[in-house]
Amino acid sequence: MNIENTKAQMRKGVLEYCILSILKGDDKYASEILDTLKDAKMLVVEGTIYPLLTRLKNAGLLSYRWEESSSGPPRKYYGLTETGKMFLKELDSTWDELRTAVNVVTNKKSK
């Protein structure tokens, strides 16, 4: 069994949740989302994020708008819809339950 593959699958499983959480405060464009994920050591490439953003938009969780940029072409900014905000709230609750359960099973203390 390949440990790197298992680690990648674990990260992929929480990627949607992380993206929605990043967008909780302000609208962001894809590069900002990628930078935030990379800063958190979530190894994500552009080829992964764009289809995921499109899927979240098509599911009604995200909206987008174009905004002119002073340093290049217009940027597409993504933000949470009302449905996305409710979805994120449910994921927050589920994440807390899952984290608690995994900590119990692995005998780790919650922070």
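- Separating the CG atom in L53 from the NZ atom in K28 is a distance of 13.0 Å, to the nearest 0.5 Å.
- In this structure, CD1 in I19 is found 12.0 Å from CG in L88, a value given to the nearest 0.5 Å.
- Proximity of a side-chain donor or acceptor of S69 to a complementary backbone N or O of P74 within less than 3.5 Å is not detected.
- A donor and an acceptor atom, one from each side chain of Y64 and D27, are nowhere located under 3.5 Å apart.
- Residues E68 and R75 are not in side-chain contact: their nearest non-hydrogen atoms beyond the backbone lie 4.5 Å or more apart.
- For the atom pair T48 OG1 and L15 CG, the distance stands at 7.5 Å (nearest 0.5 Å).
- The backbone N or O of T81 lies less than 3.5 Å from no partner atom in the side chain of S63, so there is not a single donor-acceptor pair.
- Heavy-atom neighbours of F87 CZ from other residues, nucleotides or ligands within 6.0 Å: at or below the threshold of 12.
- Residue Y17 holds its OH atom at 8.5 Å from OG1 of T94, rounded to the nearest 0.5 Å.
- Among residues two or more places apart in sequence or in another chain, the side chain to side chain contact (heavy atoms under 4.5 Å, CB included) test is passed with Y50 by A30, E46.
- C18 approaches L37 most closely through the heavy-atom pair CB-CD2, 3.9 Å.
- Between Y29 and Y77, the ring-plane angle classifies as perpendicular under the 30° and 60° cut-offs.
- Linking Ile, Leu, Val, Met, Phe, Trp and Tyr whenever their side-chain heavy atoms come within less than 4.5 Å leaves W95 and M86 in two separate clusters.
- Contact between K24 and L80 at its shortest, heavy atoms only, is CA-CD1, 3.7 Å.
- Atom NZ of K57 sits about 6.5 Å away from atom NZ of K76, to the nearest 0.5 Å.
- Using a 4.0 Å cut-off between a side-chain N of Lys or Arg and a carboxylate O of Asp or Glu, E67 and R65 qualify as a salt bridge.
- Note that the CG atom of L56 and the OG1 atom of T83 stand 12.5 Å from one another [nearest 0.5 Å].
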| field | Test salt bridge (charged side-chain N to carboxylate O under 4.0 Å, His left out) applied to K38 and D35, step by step | value | CA-CA 5 Å; K38 287 178 183 175; D35 288 346; 5.4 Å; no

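- Under the 4.5 Å side-chain criterion, counting only non-hydrogen atoms from C-beta, L20 is in contact with L62.
- Within a 6.0 Å radius of CD in Q9, other residues, nucleotides and ligands contribute more than 12 heavy atoms.
- Residue M1 shares its hydrophobic cluster (ILVMFWY side chains chained together at separations under 4.5 Å) with no other residue.
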